[in-house]
Trainee: 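Okay, here's the structure, questions in a sec.
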Amino acid sequence: MASPEERYNFRETEAKWQKAWADHACFRVEANSKKPKYYVLEMFPYPSGRLHMGHVRNYTLGDVVARYKKAKGFNVLHPMGWDAFGLPAENAALERGVHPAKWTRQNIAQMREQFRPLGFSLDWSRELTSCEPDYYKHEQKMFLDFMRKGLAYRKESWVNWDPVENTVLANEQVIDGKGWRSGVDVEQRKLNQWFLKITHYADDLLKAIETLGRWPDKVRVMQHNWIGRSEGARVHWPLLNPDGNARGDSLEVFTTRPDTLFGASFCAISAQHPLAVKLAESDAALRDFIADCSKAGTSTAAIETAEKQGYDTKVRARHPFTANSVPVCVANFVLMEYGTGAIFGCPGHDERDMEFARKYNLPVRCVVAPEGEDPIAFARKLESGNEAYVDDGIAIASEFLDGLKVDAAKRAAIAKLEALGRGKGTVQYRLRDWGVSRQRYWGCPVPVIHCAKCGVVPVPDKDLPVTLPDDVTFDRPGNPLDRHPTWKHVKCPTCAAAATRETDTFDTFFESSWYFARFCSPHLADQAFDKAEAMKWLPVDQYIGGVEHAVLHLLYSRFFTRALSDCGYLDGLKEPFAGMFTQGMVCHETYRTQDGAWVEPGGVRKEGEKATYNGAPVTVGRSEKMSKSKKNTVDPEHIILTYGADAARLFMLSDSPPERDLEWTDSGIEGAWRYLNRLWRLAASASANPAGAVPSAIAPAAAAALRQIHRAVATVGEDLEKFRFNSAVARIRELTNTLADLDRGAVGADAVFRLGMERVTQLVNPLMPHVAEEMWLSLGHKTLLAQSPWPDFDPVMLEDDIVTLAVQVNGKLRGTIDVAKGSDKAACESAALALPAVQRQLDGKPPRKVIVVPEKIVNIVVA
RNA sequence: GCCCAGGUGGUGGAAUUGGUAGACGCGCUGGCUUCAGGUGCCAGUGACCGCAAGGUCGUGAAGGUUCGAGUCCUUUCCUGGGCACCA
């Protein structure tokens, strides 16, 4: 039985080393260092006030990288800050009457204290808080610079308006067409909004995805799809009144299939299209139809099930190539935000158009037939069926396009359109400009002033920052800035007449789009960051965070980096993150009582198959992302008090690969805790052995262990480089097992054991830094492990001079043979044939063929 | 519907370029230690047949390529994630 003294005291030990690291300022970057730089960054947290397991995992992953890179001789920047603006603070104000600033600052203080015992190698001297004016004043300046460059502009746009809350809702706050809190139908309203011109960089943002070699493919694909480039043409269709006379205007449509123009049977426009709006002025039925369209709106369920609906405006559009004309309909499936908000319909070669045509009895004309099929028969089949043909083929019934394949036909059609002045080839992006206006209090104020005479006037640089007023009330819905008695009333900077401030604030993605640059010189008062420092540290070498930010945050940051370069803040830097890693979620089993209520894991007792909560049976549900609503959360604070930070860290790193979801289990954390203690005891027992060189003549078992030590140093290093932390843990445990099982009486075993424990300590350091530091001390070292270099290995020691070969007969394993390294094929073959099991299989028959793969396998083929 | 990941023991997961499937854990079984619980230590643990030696089967399913397939190809099923009437 182990006495209490023989048990690792994590509480004292972890605190001791955290203090030592802080006293030695271990995690500050080295000024004027000759070492290569390495910038590790985890996505900065929103200060909700409570640390959760997702945070622990995220920052543990980053910490492993930071500590490993430091040991590898890099000058490491590993900062921390707070993404402190956002809606929850306003909700807290609304629900509990706490001021958002106070609530946020309290949460930050609380979370900082929760982070401390985890022992992360963070440079807290660079801490930043995005809701403080010393941070956001710089982004107000950036915004003004963007305006000057034409990268920020104002336009009318549609927003989700909650009529009860009197606010704009983000798309994710609209659930089934209703406001997430009010529960009432959300309206589409047109408001003047500020936009950032991310589309200016659409092509570059797309092309540069290829340069992001250390990003997950998944994220690159998502960004690629989000930008959504498509090549096509804009085509002008002159409009005719119902009486057949030209109206004098024309309808511009975007298409990716100009080759199918001869199959057009209608044009369709969005319900928000200016033409639809104008025609509705004199058409009550159309007004009703448009109203219906905007009601059906936002919910995915509605969109999914919505039947194609159209309204014939009786206006007709004349074909750009022929004398024919087609009806112009308003249709519920045409998006105003994409292309021109208008399409031409070719039912033969587009499924949606087909559905629409069949419903409204519009003609279906086949203009593309698959190569090698009889065009007449194919056309007959297509035109009488309900299936559109959307694949490649040969143009038919299309005059000058006949006989061309789709790609060539597209080019020919565009050339003709351009020659006739009736259209042109264009590239269309799905990506839209970034709307940054929010009708909120708790965000960075948009630094402009509205003057009746001068229009929109930027706040002069000398008047920055525009700070948020403290005396605001949340007792009524709507934007407190807007109804503040004095804040918005100012003099126009240009003409000094009475004017008003912009009361919108920025989207909170604004703050997170440049914080990585601010960390390079976080205390600079008069600039957002020092250009030289930023150019030295950026791009971030390793960025780590959740996939939920795979598109927006990362794309916005990539955009900002380009925009900041164009505004002179950076010298041509385009990409902020050279390496990106997206971690999986932390999950836990879920439990429900018989009446369906979720219950927390803490109260659940399990005996065999049965689980109970307060004596009542509960059903065990599948493992899901930890969430308050399902009560399947485990509090990191509690875990750290019970097992310490190292055990929690080890558990996070073992088993599950970091990119996959991790299932939290009690037995898992206990296993981590047991291993940690075992390591600590082993190190203590090694400390009795004198440190010194391993003698040259040692017992075979000791020699094998020595080789394994070198191999572990090699593979663990490689595993850490490649984010295979789970297999790094496995390799270290394997080595631990070998060392613990080593016969200490064997010649040289003591020296090998001692060396092995030194190496295990060094390897385990990035994973469990506190116990590693303690082991390092007990092994007699006077320096901090946190400041020690990563161990080397001898490549010569990686290979054994005896190799075990698998021996197969007809591809089935029958035994193994040990041969000297470099043995020739004949020797392997005869050794393999000599195996009794092989002889039994051969049963006297001669082998037909013997395959020998050196150092791998011998396969004997027998008839 | 489209795109992207994944399906390996009771369980989390290992497995360079095709070359000994199940490393390393968790759990479980037996034993030792202990007043006891835990800890610690020893042994075992894919399924099936067998006292054993040994054999048969086995990586979602079905085919194929190969001396040899978890890995490559074709078809198919299931799970998770993203996007969604993008013209």
Side-chain angles (χ1 to χ4, degrees), chain A residues 1-3 6-7 216-222 224-226 228-230 232 253-257 260 268 300 303-304 306-308 331-335 337-346 349-353 355-356 428-432 547-548 550-551 584-585 622-623 650-651 654-657 659-663 665-675 677-678 681 715 718 724 726-737 740 804-816 836-837 840-841 847-853 855-862:
Chain A
M1 189 181 89
S3 68
E6 285 170 331
R7 214 158 170 151
D217 287 345
K218 177 172 56 172
V219 175
R220 293 194 303 192
V221 167
M222 282 164 80
H224 191 271
N225 293 342
W226 190 264
R229 181 182 197 271
S230 48
V253 308
F254 173 73
T255 179
T256 56
R257 294 297 302 274
T260 63
T300 47
I303 290 169
E304 240 172 274
E307 202 185 337
K308 306 255 175 299
N332 64 345
F333 66 95
V334 180
L335 303 174
E337 306 83 47
Y338 189 75
T340 60
I343 62 156
F344 82 81
C346 175
H349 306 285
D350 183 285
E351 279 158 24
R352 295 157 299 182
D353 297 347
E355 195 186 329
F356 192 76
Q428 185 66 46
Y429 296 92
R430 180 184 177 276
L431 180 69
R432 277 176 266 154
V547 232
E548 66 272 21
V551 175
M585 300 180 295
R622 53 167 226 166
S623 184
L650 180 68
F651 176 71
S654 312
D655 290 2
S656 293
E659 69 276 12
R660 263 193 253 176
D661 289 351
L662 172 137
E663 192 181 341
T665 59
D666 289 345
S667 50
I669 181 71
E670 275 159 22
W673 167 241
R674 283 201 300 269
Y675 176 64
N677 277 285
R678 181 165 175 236
R681 284 192 307 269
T715 54
E718 205 177 307
R724 294 189 304 222
N726 55 324
S727 51
V729 171
R731 295 292 88 80
I732 297 171
R733 292 185 94 129
E734 264 176 347
L735 178 58
T736 310
N737 291 344
T804 303
L805 299 192
V807 178
Q808 298 179 335
V809 177
N810 286 340
K812 281 185 184 161
L813 185 73
R814 296 298 168 188
T816 58
R840 236 186 343 263
Q841 289 296 321
R848 203 179 63 190
K849 191 173 170 190
V850 179
I851 292 143
V852 180
V853 182
E855 277 158 60
K856 287 261 155 77
I857 204 164
V858 179
N859 190 9
I860 297 156
V861 187
V862 65

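Note that the coordinates shown come from a computational prediction; the quantities given were computed from them, not determined experimentally. To find a chain, count down the sequence lines: A is the first, B the second, and so on, and within it residues start at 1.
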Trainee: If you find the nucleotide of RNA chain B closest to A/Glu670 and the one closest to A/Gly815, which residue's nucleotide is nearer the 5' end?
Mentor: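 On the 5' side of the pair lies A/Gly815.
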Trainee: Give the B/S/- string for nucleotides 5-13 of chain B, one per nucleotide from 5' to 3', where a protein heavy atom under 4.0 Å of the base yields B, of only the sugar-phosphate yields S, and otherwise -.
Mentor: -------BS
Trainee: How far does the C1' atom of B/U20 sit from the matching atom of B/U59, given to the nearest Å?
Mentor: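 Nearest-Å result for B/U20 against B/U59 at atom C1': 16 Å.
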Trainee: Tell me whether the OP1 or OP2 atom of B/G25 has a side-chain N or O from A/Asn737 closer than 4.0 Å.
Mentor: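 Result: yes.
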Trainee: Using a heavy-atom cut-off of under 4.0 Å over every strand shown, decide if A/Thr665 touches base, sugar-phosphate, or nothing.
Mentor: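 Nothing: the residue A/Thr665, judged by heavy atoms under 4.0 Å, touches no strand.
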Trainee: Applying side chain to side chain contact (heavy atoms under 4.5 Å, CB included) to A/Val861 and A/Asn810, what does each step give before you reach the verdict?
Mentor: CA-CA 5 Å; A/Val861 187; A/Asn810 286 340; 3.8 Å; yes
Trainee: Does A/Val334 reach a base, just sugar-phosphate, or nothing at all? Heavy atoms under 4.0 Å.
Mentor: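 A/Val334: base contact, heavy atoms under 4.0 Å.
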Trainee: So which one's nearest nucleotide on RNA chain B is more toward 5', A/Thr340 or A/Trp226?
Mentor: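 Counting from the 5' end, the first nearest nucleotide belongs to A/Trp226.
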Trainee: What is the glycosidic conformation of B/G50: syn, defined as within 90° of 0, or anti?
Mentor: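 This nucleotide is in anti.
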Trainee: What is the minimum heavy-atom distance between A/Asn225 and A/Arg430, and which atoms define it?
Mentor: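 In this case the closest contact between A/Asn225 and A/Arg430 is O-CD, 3.6 Å.
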Trainee: Determine the contact category for A/Ser654: base if any of its heavy atoms lies under 4.0 Å from a base atom, sugar-phosphate if only primed atoms, P, OP1 or OP2 are that close, otherwise nothing.
Mentor: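 Nothing, no nucleic acid heavy atom in range.
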Trainee: For A/Glu337 and B/A84, give me the distance from atom CD to atom C1', rounded to whole Å.
Mentor: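 Spelled out: CD on A/Glu337 to C1' on B/A84 is 13 Å.
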Trainee: Considering only the P atoms, how many Å lie between B/G44 and B/A52, rounded to the nearest integer?
Mentor: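 It works out to 15 Å between them.
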Trainee: Could you tell me which residues satisfy ring pair (Phe, Tyr, Trp, His ring centres under 6.0 Å) with A/Phe333, sequence neighbours excluded, listed by chain and number?
Mentor: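 By the ring pair (Phe, Tyr, Trp, His ring centres under 6.0 Å) rule, A/Phe333 matches A/Phe356.
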Trainee: Take A/Asp353 and A/Ile343, measure what side chain to side chain contact (heavy atoms under 4.5 Å, CB included) needs, and give me the verdict at the end.
Mentor: CA-CA 10 Å; A/Asp353 297 347; A/Ile343 62 156; 3.9 Å; yes
Trainee: Expressed in angstrom and rounded to an integer, what is the separation of A/Glu718 atom CD from B/A15 atom P?
Mentor: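 Checked: the CD to P distance equals 11 Å.
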Trainee: Could you pull out all residues at least two apart from A/Arg814 that satisfy side chain to side chain donor-acceptor pair (under 3.5 Å)?
Mentor: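 None.
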Trainee: What does B/U16 pair with, Watson-Crick or G-U, if both distances are under 3.5 Å?
Mentor: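 When the pairing criteria are applied, nothing turns out to pair with B/U16, so the answer is none.
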Trainee: What is the pairing partner of B/G25, taking Watson-Crick or G-U wobble pairs with both distances under 3.5 Å in any strand?
Mentor: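 Because both required distances fall under 3.5 Å, B/G25 counts as paired with B/U11.
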Trainee: B/G27, OP1 or OP2 - any side-chain N/O from A/Arg674 closer than 4.0 Å?
Mentor: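 Yes.
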Trainee: B/A84 C1' sits how many Å from A/Tyr338 OH, rounded?
Mentor: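 Interatomic distance, OH of A/Tyr338 to C1' of B/A84: 13 Å.
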Trainee: Counting only Watson-Crick pairs (N1-N3 plus N6-O4 or O6-N4) and G-U wobbles (N1-O2, O6-N3), all under 3.5 Å, who is the partner of B/U66?
Mentor: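 Pairing partner, where one exists within any strand: none, as none qualifies.
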Trainee: Would you kindly give the CH2-to-P distance between A/Trp673 and B/G40, to the nearest whole Å?
Mentor: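 For the pair A/Trp673 CH2 and B/G40 P, the rounded distance is 11 Å.
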Trainee: Pick base, sugar-phosphate or nothing for A/Arg733, based on heavy-atom distances below 4.0 Å to the nucleic acid.
Mentor: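 The residue A/Arg733 makes sugar-phosphate contact but no base contact.
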Trainee: When the C1' atoms of B/G60 and B/U56 are considered, how many whole Å apart are they?
Mentor: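 Comparing C1' positions in B/G60 and B/U56 gives a spacing of 22 Å.
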Trainee: Closest heavy-atom contact between A/Val850 and A/Pro847?
Mentor: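 What the structure gives for the nearest pair is CG2-CB, 4.1 Å.
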Trainee: In Watson-Crick or G-U wobble terms, both distances under 3.5 Å, what is the partner of B/G58?
Mentor: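 None - no nucleotide pairs with B/G58, as no candidate has both distances under 3.5 Å.
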Trainee: In whole Å, what separates the P atom of B/A5 from that of B/A87?
Mentor: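 Their P atoms lie roughly 22 Å apart.
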Trainee: I'd like the C1' distance from B/A23 over to B/C72, given in whole Å.
Mentor: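 Going atom to atom, C1' in each nucleotide, I get 24 Å.
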Trainee: With a 4.0 Å limit, can you tell me whether A/Arg681 has a side-chain N or O closer than that to the phosphate oxygens OP1/OP2 of B/U39?
Mentor: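 So the side chain of A/Arg681 is outside the cut-off, no N or O lying under 4.0 Å from OP1 or OP2 of B/U39.
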Trainee: Residues two or more places apart in sequence or in another chain: which of them pass side chain to side chain contact (heavy atoms under 4.5 Å, CB included) with A/Thr736?
Mentor: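 A/Thr736 satisfies side chain to side chain contact (heavy atoms under 4.5 Å, CB included) with A/Tyr675, A/Arg678, A/Leu679, A/Leu682, A/Ile732, A/Val760 once adjacent residues are dropped.
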Trainee: Figure out the CD/P separation between A/Glu548 and B/G80, and round it to whole Å.
Mentor: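 After rounding, the gap between these two atoms is 19 Å.
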Trainee: Please report the distance separating the P of B/A62 from the corresponding atom of B/C26, rounded so that it comes out in whole Å.
Mentor: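 Each nucleotide's P atom is 34 Å from the other's.
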Trainee: Select one nucleotide: of B/C85, B/G25, B/C3, the one nearest the side-chain heavy atoms of A/Phe333.
Mentor: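 Between B/C85, B/G25, B/C3, the one nearest the side chain of A/Phe333 would be B/C85.
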Trainee: Taking side chain to side chain contact (heavy atoms under 4.5 Å, CB included) as the definition, give me every residue that meets it alongside A/Val219, ordered by chain and number, with sequence neighbours left out.
Mentor: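 Partners of A/Val219 under the side chain to side chain contact (heavy atoms under 4.5 Å, CB included) test: A/Trp215, A/Pro216, A/Gln223, A/Ala550, A/Leu554, A/Thr582.
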Trainee: Once side chain to side chain donor-acceptor pair (under 3.5 Å) is applied, do any residues pair with A/Asn859, and if so which ones, sequence neighbours excluded?
Mentor: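 Per chain and number, A/Asn859 pairs via side chain to side chain donor-acceptor pair (under 3.5 Å) with no residue.
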Trainee: Checking base pairs now: Watson-Crick or wobble, both atom distances under 3.5 Å. What partners B/A53?
Mentor: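 Partner of B/A53: none found under 3.5 Å.
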Trainee: Please check if the side chain of A/Asn677 supplies one atom and the backbone of A/Trp673 the other of a donor-acceptor pair under 3.5 Å.
Mentor: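 Here the side-chain-to-backbone pair exists.
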Trainee: Heavy atoms under 4.0 Å is the rule here; annotate nucleotides 42-58 of chain B 5' to 3' with B where the base is hit, S where only the sugar-phosphate is, and - elsewhere.
Mentor: S-----------SSSS-
Trainee: Using atom C1' of each nucleotide, how far apart are B/U71 and B/U34 to the nearest Å?
Mentor: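 After rounding to an integer number of Å, I get 49 Å for this pair.
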Trainee: Could you walk me through whether A/Val862 and A/Gln841 pass the side chain to side chain contact (heavy atoms under 4.5 Å, CB included) test, one step at a time?
Mentor: CA-CA 9 Å; A/Val862 65; A/Gln841 289 296 321; over 6 Å; no
Trainee: Quick one: side chain to side chain contact (heavy atoms under 4.5 Å, CB included) partners of A/Ala728, sequence neighbours excluded?
Mentor: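 For A/Ala728, the residues satisfying side chain to side chain contact (heavy atoms under 4.5 Å, CB included) (neighbours in sequence not counted) are A/Val716, A/Asp719, A/Leu720.
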Trainee: Checking A/Asn726 now: which residues fulfil side chain to side chain contact (heavy atoms under 4.5 Å, CB included) with it, not counting sequence neighbours?
Mentor: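 Only A/Pro657, A/Pro658, A/Arg724 meet the side chain to side chain contact (heavy atoms under 4.5 Å, CB included) criterion with A/Asn726.
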Trainee: Tell me, please, which residues at least two apart from A/Glu670 pass side chain to side chain donor-acceptor pair (under 3.5 Å).
Mentor: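 In terms of side chain to side chain donor-acceptor pair (under 3.5 Å), with neighbours along the sequence ignored, A/Glu670 is linked to A/Tyr643.
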Trainee: Mind checking side chain to side chain donor-acceptor pair (under 3.5 Å) for A/Ser230 and listing every partner two or more places apart, or none if nothing turns up?
Mentor: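 For A/Ser230 the side chain to side chain donor-acceptor pair (under 3.5 Å) partners, ignoring immediate neighbours, are A/Tyr338.
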Trainee: Indicate, with a heavy-atom threshold strictly under 4.0 Å, whether A/Ser727 touches base, sugar-phosphate, or nothing.
Mentor: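 Nothing, no heavy atom under 4.0 Å.
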Trainee: Strictly by Watson-Crick or wobble contacts shorter than 3.5 Å, is anything paired with B/C83, and which nucleotide is it?
Mentor: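 Check on B/C83: paired to B/G1, both distances under 3.5 Å.
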Trainee: Please report the distance, rounded to the nearest Å, between CE in A/Met222 and C1' in B/C2.
Mentor: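 Result: 14 Å.
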Trainee: Which protein N or O atoms sit under 3.5 Å from an N or O of nucleotides 65-67 of chain B?
Mentor:
unit_1, atom_1, unit_2, atom_2, d
B/C67, O2', A/Asn859, ND2, 3.0
B/C67, O2, A/Asn859, ND2, 2.6

Trainee: Considering only atom C1', compute the distance from B/U33 to B/G27 and round it to an integer number of Å.
Mentor: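 The answer is 22 Å between these two C1' atoms.
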Trainee: Expressed as a whole number of angstroms, how long is the span from A/His224:NE2 to B/C2:P?
Mentor: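 Value for this atom pair: 19 Å.
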Trainee: B/A15 C1' sits how many Å from A/Arg724 CZ, rounded?
Mentor: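 So the two atoms are 11 Å apart, to the nearest Å.
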Trainee: Considering Watson-Crick and G-U wobble pairs with both distances under 3.5 Å, what does B/C32 pair with?
Mentor: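 Its partner is B/G40 (Watson-Crick or G-U wobble, both distances under 3.5 Å).
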